Novice: 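One structure is given below, represented as structure tokens, and several questions about it will come after.
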Amino acid sequence: MASLIFHYSPEETTLHRLDPRVKMSILMAASAALFAAEGRGLGLLAPAVPALLAAGRISPFRVFRAAFPLFCLAALVFVCRAFLTPGAPPAQVFGWPLPLSKKGLVLGLEEALRLVIVIFLCHAFICVTPAADIQRAASFFAGKKAALLMRLSFAMIPELLDTGAEILAALSCRGLSFGRHPLRGLALFTSAFTRKAAARASRTAEALEARCCGYRRTSRPFSPGPADAVALFLSAGILAASLLL
Amino acid sequence: MSPEGEKQPVAADDSGGGILLAAENVSHRFPGGALGLENVSAAFRPARFVIIAGRNGSGKTLLARHLVGLASPSSGRILLGGKPIRKDTRLLRRKIGLVFQDADCQLVGQSVEEELRFGPENLCLPEEEIQKRVSGVSRLLGLESLKNVPPSRLSGGEKRRLAIGGVLAMEPEILVLDEPFANLDYPGVVEVLKVLTELKNSKRGVILITHELEKTLAHADRLIIMDRGRIAEDGPARETAPLAGKYGLHPLDFASRSFGEYTWLP
Ligand SMILES: Nc1ncnc2c1ncn2[C@@H]1O[C@H](COP(=O)(O)OP(=O)(O)OP(=O)(O)O)[C@@H](O)[C@H]1O
Ligand SMILES: [Mg+2]
């Protein structure tokens, strides 16, 4: 069984066809802008995500289901921020004062939103950019060695996620319910995952070695077109506006 | 069988061109102490079709891994063009291609096209040459319509053809195939067999690891039978094949079927 997140998904869309350097620059600029923008700026960036998903034919529900633990993390960030940020006046719900501040509520929402947008952005980037293209673009920006490392990391993430998904499926096929035996399930999962992930990583390394994988390789030439220019200007505009608002 | 450590002459078929690849007294001891290969010596030339057969666990896959430098011998050595392979395994892998027993382990590309391009790109070939090879191999193995499909979505047989294609695109001088017929249906086996015989005709070597002698024997020049990590029999296929039954392989009945009939090629 394959996990549904952080996998390249071949489709014929404009996003898939964009120059990988453009996609990578937009991802980096958007991530930076995301952490610099506040309030209304963030509000402007949020609607860009569904637009991006639609353009790449990526189902948000699948991401949501597959990356559920990451979304739980975002919820945790929100709760911690909201309850642990000192400030006044306290927010009231149905007339009851809650032990959280308005400032904490806003900060928590902003940080959770940032995390959610980053998850969707990274997923969208990997969905529409094959690993070979990621390597090409990274090699343009950071050199061949860094690009190879980046490609290997991007190749291993889905492998590890798949390993996790396979073990969970195998455990549930053999009648182990996490709901009823959470500790036993966790222990079995962790030990199986560690062993299998190591074996999978070493087999992948062998497969790469057997095919002469190295940082010196032929790189397909870039062929930027008008769509790339439009994408660059559009995203630069949105990102600049999000920072100025 | 000679005891461990004793030097054996490198066995090879004596006819034809020079020896490209050779294992010389190769032994492999696992970390726990178990012996996986014991004093294995064999030499291989291009343009030869060699079958390596043997029961489960006899060391065929381990030998294949040594032949492409993925495992290093505890004693003995692997020679490429007469020179021992030390650190530069890259040169070895340019000349000797390995199709893994488990296709899933081998596929690293995220689409069929990317998988086929992967090897030639690593060889730093020019873009036009890569495209030529990719389209040639896709046509040869019937993968043209699957160009954009991710390998994880392919059937077992399609994955197997893709794994073979990925290595073929690197145009190795000797192709080692570990159980390539697993998961293949009848047309799939015929297709792969055709490719292998064409490779032999184009002066490339084929080392085929298989249990299924009845599908392929007729094409073999030489048959090596492995047993418990050693080469038990090695010789011309016609002469060695009648001994297969002694080593846990399906016995071949040469009284009712001639040597040339042991093939699935129509
Ligand atoms: N890490 C290890 N430690 C000890 N023994 C091992 C280890 N790895 C493999 N073996 C053993 O080495 C032997 C040779 O394995 P190999 O995979 O080469 O067999 P094979 O001939 O390819 O079998 P099959 O036909 O089933 O593919 C097997 O008996 C196997 O159990
Ligand atoms: Mg094997």
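Here is the naming used below: chain letters follow the sequence lines, and residue numbers restart at 1 for every chain. None of the values given here were measured: they were computed from a predicted structure.
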Novice: With a 4.5 Å cut-off on heavy-atom pairs, point out which of A/Cys213, A/Ser219, A/Ser9 contacts chain B the most.
Specialist: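 Most pairs with chain B among the choices: A/Cys213.
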Novice: May I ask you to say whether A/Arg220 pairs ionically with B/Glu114, meaning some side-chain N is under 4.0 Å from a carboxylate O?
Specialist: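 Salt bridge flag = no for B/Glu114 with A/Arg220.
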Novice: Answer with side chain, backbone, both or neither: which region of B/Leu70 has an atom nearer than 4.5 Å to a non-hydrogen atom of chain A?
Specialist: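 B/Leu70 touches chain A through backbone and side-chain heavy atoms alike.
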Novice: I need the residue from B/Gln131, B/Glu127, B/Arg153 with the largest number of non-hydrogen atom pairs under 4.5 Å to chain A.
Specialist: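 Winner by heavy-atom pair count: B/Glu127.
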Novice: Hey, does the side chain of A/Thr218 reach the backbone of B/Leu125 with a donor-acceptor pair shorter than 3.5 angstrom?
Specialist: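 Answer holds: yes.
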Novice: Taking heavy atoms only and a threshold strictly under 4.5 Å, list by residue number the residues of residues 131-142 of chain A that touch chain B; give 'none' if the list is empty.
Specialist: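 Result: A/Ala131, A/Ala132.
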Novice: Please classify the contact between B/Phe118 and chain A as side chain, backbone, both or neither, with a heavy-atom cut-off of under 4.5 Å.
Specialist: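 Contact with chain A is through both the backbone and side chain of B/Phe118.
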Novice: Return the CZ to CG distance between A/Arg211 and B/Leu107, rounded to the nearest 0.5 Å.
Specialist: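 Rounded to the nearest 0.5 Å, the CZ-CG separation comes to 7.5 Å.
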Novice: Please tabulate, for side-chain N and O atoms in residues 52-61 of chain A, each donor-acceptor pair with protein atoms closer than 3.5 Å (sequence neighbours left out).
Specialist:
residue: A/Arg57; atom: NH1; partner: A/Glu11; partner atom: OE1; Å: 2.9
residue: A/Ser59; atom: OG; partner: A/Phe61; partner atom: N; Å: 3.3
residue: A/Ser59; atom: OG; partner: A/Arg62; partner atom: N; Å: 3.2

Novice: Give, for atom CD of A/Glu206 and atom CZ of B/Phe100, the distance between the pair rounded to the nearest 0.5 Å.
Specialist: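 If we round to the nearest 0.5 Å, A/Glu206:CD and B/Phe100:CZ are 5.5 Å apart.
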Novice: If I measure from the heavy atoms of chain A, does B/Ile130 come under 4.5 Å with its side chain, its backbone, both, or neither?
Specialist: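 The answer is the side chain of B/Ile130.
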Novice: Looking only at heavy atoms and a cut-off of under 4.5 Å, which of A/Glu209, A/Arg203, A/Glu159, A/Glu12 has the most pairs with chain B?
Specialist: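 The option with the most such pairs is A/Glu209.
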Novice: Near A/Arg216 CZ, under 6.0 Å, is it more than 12 heavy atoms from other residues, nucleotides or ligands?
Specialist: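 For A/Arg216, atom CZ is not crowded (no more than 12 foreign heavy atoms under 6.0 Å).
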Novice: Indicate the atoms forming the closest heavy-atom contact of A/Cys212 with B/Leu123, along with that distance.
Specialist: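 Shortest heavy-atom separation between A/Cys212 and B/Leu123 comes out as SG-CD2, 4.0 Å.
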Novice: Distance check, rounded to the nearest 0.5 Å: A/Thr204 atom OG1 versus B/Gln106 atom CD?
Specialist: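 Between atom OG1 of A/Thr204 and atom CD of B/Gln106 there are 11.5 Å.
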Novice: Please tabulate, for side-chain N and O atoms in residues 166-176 of chain B, each donor-acceptor pair with protein atoms closer than 3.5 Å (sequence neighbours left out).
Specialist:
residue: B/Glu171; atom: OE1; partner: B/Arg133; partner atom: NH2; Å: 3.4
residue: B/Glu173; atom: OE2; partner: B/Lys95; partner atom: NZ; Å: 3.4

Novice: Is atom CZ of B/Arg90 surrounded by more than 12 heavy atoms (other residues, nucleotides or ligands) closer than 6.0 Å?
Specialist: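 Atom CZ in B/Arg90 is crowded, with more than 12 foreign heavy atoms closer than 6.0 Å.
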Novice: Just to be sure I understand the criterion: a residue of residues 141-151 of chain B counts if one of its heavy atoms is under 4.5 Å from a heavy atom of chain A. Which ones qualify?
Specialist: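 The list, in residue order, reads B/Asn148, B/Pro150.
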Novice: Heavy-atom count around A/Phe68 CZ within 6.0 Å, excluding the residue itself: above 12?
Specialist: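 Counting neighbours around CZ of A/Phe68, 12 or fewer heavy atoms of other residues, nucleotides or ligands fall under 6.0 Å, so no.
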Novice: Could you measure the distance from the CG atom of B/Asp104 to the CZ atom of A/Arg200? Nearest 0.5 Å is fine.
Specialist: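 One gets 7.5 Å once the value is rounded to the nearest 0.5 Å.
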Novice: Taking A/Arg217 for the side chain and B/Glu121 for the main chain, is one N or O donor matched with an acceptor at less than 3.5 Å?
Specialist: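 Absent.
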